[in-house]
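One structure below.
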Amino acid sequence: MSGSNDGDKNGRKRNLPSWMSSKPGSSGSGQSKSNDERETTETTEQAKGRRKTNHGKTLPDEAENEAHFSNFSKLMEGVVFVLSGFVNPERGTLRSQALEMGAKYQPDWNSESTLLICAFSNTPKFRQVEADNGTIVSKEWITECYKQRKLVEIETYLMHAGKPWKRQSVSRESSQDQRPSTSRKSQTRGEKSSPFKTTAAPSSEEIHSDKVKDGFSPYKVKKWAINDLNRTISWLENQDERPEPHEMKKIAAEGILTCLQDAIDSLNQGQEGSGVKAVNCKCGGSNQCGYRVANGRRLEWCLMMGKVCWFPSLSKQDMRQITEQWECIPRAVEELAKFDGSCVGSATMHKDLCKHAVTCKQIYELEYKNREDDELLKMKEQRTRVGGKAGGAAKDAAAYDSDDTVEMTEEEIDQAYNAVASTIRNTRKLQLDYISVGLQQINATISANPRYSKMGASLPAKEANLFKLIVKSYETKQYKKGLKAADTILKKFPDHGETLAMKGLTLNCVDRKSEAYELVRLGLKNNLKSHVCWHVYGLLYRSDREYREAIKCYRNALRIDPDNIEILRDLSLLQAQMRDLSGFVETRQQLLTLKPNHRMNWIGFAVSHHLNSNGSKAVDILEAYEGTLEDDYPPENERCEHGEMLLYKVSLLEECGFFERALEELHKRESKIFDKLGYKEQEVSLLLKLHRFEEGERLFRVLLSMNPDNYRYYEGLQRCLGLYSENGQYSSDEIDRLEALYRSLAQQYNRSSAVKRIPLDFLKDGKFRDAAENYIRPLLTKGVPSLFSDLYPLYNHPGKANILGELVLSLEKSIKTTGGYPESEGKEPPSTLLWILFYLAQHYDRCGQYDIALVKIDEAIEHTPTVIDLYSIKSRILKHSGDLSAAASLADEARCMDLADRYVNSECVKRMLQADQVALAEKTALLFTKEGDQLNNLYDMQCMWYELASGESYLRQGELGRALKKFLAVEKHYADITEDQFDFHSYCLRKMTLRAYVEMLKFQDRLHSHAYFHKAASGAIRCYLRLFDCPPKSAAEEDDEMSKLPPSQKKKLRQKLRKAEARAKKDAEVKTEEPSSTSVAKSGKRQVKPVDSDPYGEKLVQIEDPLAEATKYLKLLLKHSSDCLETHLLSFEVNMRKQKILLALQAVKHLLRLDAENPKSHLCLIKFFHKIGGLPSPVTETEELVWRVLEVEQPTFSQLHKKSLIEANNIFLEKHKESLMHRAAVAELMYVLEPTRKAVAVKLIEDWVNDLVSIDGVRGAGRAWKLKDCISLHKLLEKTLSDHDAALRWKLRCAEFFPFSTYFEGTRSSVATSSAYHQIQKTPGNGVVNLNADRLPFAAVLHPWIQFLGFCVYLIWCYCYDGVSLSGFSGSGQIPEKRVSWASATWFQQL
């Protein structure tokens, strides 16, 4: 029920292209103008020079109308006006009116200005113009000129007379009454030659008589009568003041017959006219209405009486004068005038022409009388068919379009209703007919929102008005007012279906959904044939995102009212949302057929074909739309949008492969495209595809001059020069050419960082070192923290990581010894050494040398202990080394140094979640949320990284309910993002952002392939797999287990449960109190947010079929992440548990397709066929079919071809015996295939040696084993192989290789008692400073009581000298006013 501003402001009828199929008899535009609010009645300037149409038919007097509007647009030609003292909207109205009459506007008075239009005297501009002796006039002069469509006398409206108000060079024609010459009009009306051209008399009067007889055949005259009536009605509709709709046809017919009578009188009586007479005017032709004839216009609107007056001329006239003075000339009069010019000197021919004129009038009268009788008969039949109800008005109103209605006040409604009632009383003979006509008039003009003129038509007038008030209240969100009006109607008509439906729709907006559905269904039951009820039902479903049901309802509504624009628009939006592309094309075509005047319908039809993979048809539609524009150019206010449409058209041609045509079109439309950067980028893209590299090179250089830091421009330039490689491998000759290119570009763009960074990707060895040194030195001096992130991709290039490490080490050595860079006389600032150490710490962290990285970062902290980035990087190094608790504490220390930095806060929260400190992480994250319901704020912010990290932490801790809660929240965010595209389907078409719109739709189609969704769906599937393997125990089972426990353990367990219940109750009370105190908005209304009934995910765990839930998310992963190995690993696990053999086989085949050498792929392959070998023989036909498929598929696996599973496993071991994880996979399969060989499997893992290997080109930089892999192997030994001794041995062995790992309890980890990091305190509250153990080496080995005493002394000292609030250490969560100074920390370090 929402309109859209998608119309074409030109007002020009757009003919449908020949290849478009439309309904039989369809006239294109339908019966009405646009119903969009921003498309007002077409102004004279917009109508200038355009075709006048009515119901799709071309007007014969097109040239005459063009001349009339052209003359009106030149009334004020030569006037340059300035406005003063007016505000919008009045200012805009005056400016528009003057511009339409040919004047020019200037904001300020200068030498070019000729006229000031002023609201009142003594304005600044008034005094300026008065001093300059300029002419000043009041606004009434502009209004009168525009109203009378001529220049009125200016003296009456002058506020100051001065210089001439019009340029003298302008022809005086425009200042006088504009009247086209006879010859000019006749030329435009004529077909090939002027009908008024003097010709010689025919040689035979009989020949002339035959011509006249053929020219006025009854068939032709009947056709003229209908065309003249439609054309005159169209002219009346375009007037500023027009008759009532029900009087339009009658007045038009009277005018045509009057003009014919004037022609007959002119022919019979020698063109004698006398006096002034009026037809159908209560002023009796006395001209008391005060409406004078202007510019010879014969048809005028009588303002006083509300009728149309017909004024014959006051002087003698011939046929030519009649054609000039009448605005709408009947075709018969035109033909009479043509033959009258050839009858000069022949009385016989003149008499014969008079007879034909009389005959024409009789045929016109008969045709109009028959038409009127047919309409009355139809109305009577309709009234009889509906059983005496007023339903006929609704059907008549269906022909009434929204823009033909006007908004009426209640007084005007009462007057209209009383007028109809009095007419009914006075005219009993036509009582039934006038009831229908009167109701049609009221229903067409009563509502402020005329789109629903057909709604509530079966109600009496008063209730019909109330029904429209319901619709208006719904659209303006005044729901209480709408409900009150609905209840008023339902008191008298309790079974009115449309009112019940609208009441239900209104209740849906106030969160009363159950009542809403009940009322809408009841209304639909009472009136199944109402398109309104079906439409409302569809809107109800749409609000609940039940789009498929909503589409069904819309289709049912269209069966009743197939041409309803609003329903078609709503249906097209849902089809675009649901990607029903064929239906989208069909609906958009129907919209275009009904409303071809709307620009949005053309564009929407083109986009629908584009989305339906028919780009060439979309181009044809856009070209057809351009053909409807005047001079192939839209109005001034649409030109920017038109330029976007042209770029979209060019991109369509490019997508279809028509590169030459696209480039030609782009060059042709260059002046009409406002986005010059987009124009150049589109042009250079086409040049590249056409292999016109020289032109492309020049254009890329132009683009680089506009933005020298755009990497895509450099890549394009390399392509044009033939120096681009997809894999980054270049020959020595190509490297030399690239080096020369970027050397010249660096001289041209010496401030660009991209031109210095790109050569590092292709240079090698010594040249790379020199270029890297030149690039790194200024950034180290400047102190750019992101330097390592910038150079990080180079660590994947062989040998470059080693070069970078050696380079920075040499710079460090030079700075420490000489204070400057090598071969440099200048001294570097002290901060240079800090950033060198900062880079080296990240370098060694990347290479896996965590002990050296920690030494470097500690040295940097000692150098400058107030830099926050140092602590963040140290936290990251500790995380990589395996000490997650210490990493979290250090990240919190960095956070306390700047409590207003949101990024540092988020980094700290992430470290806490990785250390499974969920409660503390949640409190820290809430510091940057709004007060009140902060947990909901985190959800509303769609903070997916937090929810994913929190879910992973809960999953590691075994809290599956909470983990599912977090993972499903992420899935809900993606559903919301999908729903958010709905509003853009109409917005982007209206604003013409077509390229961005299509890209957005393509992004939405691949939305679920995003990494965050993949992580969430994978986490949820793992949770459901755990629930299937270890289902939660029931209450009875828990009671049985508790009864078996000894009394002491029972007591401890009960106490633990009571504490948990008390804590949960307290948390619930806090959450209920917070909204009550903080959820009152500024408007004074309480904002009620939905309460989470399952905050801990307990209901999510209590599900009957976890595998069914897992399958839902698995389908999404298979659809959108089919190229990910983890997707098919999860598919294998789920389908094996569900006994879906063929689906599991499919997963195995996908795994081998993606990475056959991956140990997990090999593991799944052998496990699958081992499982198949243990299944019983098939019994049913389905099982037999599955076995046949397996027999056919097994030989296709090369790994198993003529081999047993054990042999295949041994071959895989020989192939990958140098890899730890491959050995682990072989060992696990060895235990699965032969459980008796468990010791051999364990020995296979333990015999492998962790040798030093080169990492990223750094020789001997690290060990072959990875911490993550070693943790997996420990879990394999402990859980799968169930060898606790081997697991313990493995743990002790790994503790030596990973001394910082808390999992293996390394010697330098925070969990080891002998480690200095053991003294790192966990933050008891937000904002508390941690005491880092690497600054407390002595205190770490003191007796606990001495440590406690020293700690107290330190706190007292800080309180006395640094003003630190001791409340920060009380666990209350308060943030100290000042952080502990680093001088204090240094003092305590030396204690």
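Numbers here simply count residues along the sequence, with the first being 1. No hydrogens, no waters, no symmetry mates; every other heavy atom, side chains included, goes into these values.
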Will you find, in the side chains of Tyr1012 and Glu947, an N or O donor that is under 3.5 Å from an N or O acceptor? no
Could you tell me which non-hydrogen atom of Met897 sits nearest to which non-hydrogen atom of Pro865, and how far apart they are? CE-O, 3.9 Å
Give the intermediate values and the outcome of side chain to side chain donor-acceptor pair (under 3.5 Å) for residues Gln957 and Ser953. CA-CA 6 Å; Gln957 298 176 62; Ser953 177; 3.0 Å; yes
Are there over 12 heavy-atom neighbours, none belonging to Tyr1303, within less than 6.0 Å of that residue's OH? yes
So for atom NZ, which belongs to Lys513, do other residues, nucleotides or ligands contribute more than 12 heavy atoms lying within a distance under 6.0 Å? yes
Is the closest basic N to carboxylate O distance between Asp858 and Lys874 below 4.0 Å? yes
What I'd like to find out is whether the side chain of Arg895 reaches to under 4.5 Å of the side chain of Leu927, using heavy atoms alone. yes
Distance (rounded to the nearest 0.5 Å) between Glu1126 CD and Ile1021 CD1: 8.5 Å
At their closest point, which heavy atom of Ser1310 faces which heavy atom of Ala886, and how far apart are they? OG-N, 4.1 Å
Tell me, do Leu1100 and Glu1109 make a side-chain contact under 4.5 Å, heavy atoms counted? no
Run the side-chain contact (heavy atoms from CB on, under 4.5 Å) test on Trp835 and Lys782 for me, step by step, so that the C-alpha distance in whole Å, both residues' side-chain angles and the decisive distance to 0.1 Å come before the verdict. CA-CA 9 Å; Trp835 297 112; Lys782 190 176 180 181; over 6 Å; no
Please check: side-chain N/O of Arg545 versus main-chain N/O of Arg542, any donor-acceptor pairing under 3.5 Å? no
Does any donor atom in the side chain of Tyr517 or Asp544 lie under 3.5 Å from an acceptor atom in the other side chain? yes
Which pair of heavy atoms, one from Cys1023 and one from Ala963, lies closest together, and at what distance? SG-CB, 3.8 Å
I need the Leu1027 CG to Asp1105 CG distance, nearest 0.5 Å. 11.0 Å
Hey, are Glu952 and Arg1022 close enough for a salt bridge, meaning a charged N less than 4.0 Å from a carboxylate O? yes
Might you work through the side-chain contact (heavy atoms from CB on, under 4.5 Å) test for Leu913 and Lys910, ending with a clear yes or no? CA-CA 5 Å; Leu913 291 173; Lys910 192 173 183 180; 5.9 Å; no
Hey, does the side chain of Ser875 reach the backbone of Tyr871 with a donor-acceptor pair shorter than 3.5 angstrom? no
Carefully, step by step, assess Tyr939 and Lys972 under the rule side-chain contact (heavy atoms from CB on, under 4.5 Å). CA-CA 10 Å; Tyr939 176 82; Lys972 180 66 167 55; 2.9 Å; yes
Heavy-atom side-chain contact between Leu870 and His863 under 4.5 Å: no
Between CG of Asp1005 and OG1 of Thr978, what distance do you get to the nearest 0.5 Å? 9.5 Å
Closest approach of Ser789 to Pro793 (non-hydrogen atoms, all atoms of both residues): O-CD, 3.9 Å
Counting C-beta onward and ignoring hydrogens, is there a side-chain heavy-atom pair between Gln1004 and Ile977 closer than 4.5 Å? yes
N-O pairing of Arg876 and Glu907 below 4.0 Å: yes
Classify the angle between the aromatic ring planes of His985 and Tyr997 as parallel (below 30°), tilted (30 to 60°) or perpendicular (above 60°). perpendicular
Distance (rounded to the nearest 0.5 Å) between Leu1116 CG and Lys1112 NZ: 11.0 Å
Using distance alone, with no hydrogens and no angle criterion, decide if Asn508 and Ser543 have a side-chain donor and acceptor under 3.5 Å apart. yes
Without swapping roles, check the side chain of Ser950 against the backbone of Tyr946 for a donor-acceptor pair under 3.5 Å. no
Give the ring-plane orientation class for Tyr974 versus His1010, where under 30° counts as parallel, over 60° as perpendicular and anything between as tilted. tilted
Answer whether the closest heavy-atom distance between the side chains of Tyr850 and Leu878 falls below 4.5 Å. no
Please round to the nearest 0.5 Å and tell me the distance separating atom NZ of Lys1266 and atom CD1 of Ile1271. 13.5 Å
Nearest heavy-atom neighbours spanning Leu920 and Thr924: O-OG1, 2.8 Å
Just so I know, are the side chains of Leu854 and Phe1300 near enough to count as touching, which here means a heavy-atom distance under 4.5 Å? yes
Decide yes or no for Glu1098 and Asp1094: does some side-chain heavy atom of the first lie under 4.5 Å from some side-chain heavy atom of the second? yes
I'd like to know if Asp1029 pairs up with Arg1026 as an ion pair, taking the criterion as any Lys NZ or Arg NE/NH1/NH2 lying under 4.0 Å from an Asp or Glu carboxylate oxygen. no
With rounding to the nearest 0.5 angstrom, report the SG to CG distance, Cys908 to Asp901. 11.5 Å
Kindly assign one of parallel, tilted or perpendicular to the pair Tyr839 and Phe788, based on the angle between their ring planes and the thresholds 30° and 60°. perpendicular
Do Leu507 and Val510 come within less than 4.5 Å of each other through their side chains, counting heavy atoms only? yes
Between Leu960 and Tyr954, is the side-chain contact (heavy atoms from CB on, under 4.5 Å) condition met? List the steps. CA-CA 7 Å; Leu960 300 182; Tyr954 282 128; over 6 Å; no
I need the minimum non-hydrogen distance between Leu1114 and Thr1127, along with the two atoms involved. CD1-O, 3.9 Å
Keeping the roles fixed (side chain from Thr864, backbone from Ala860), state whether a donor-acceptor pair exists under 3.5 Å. no
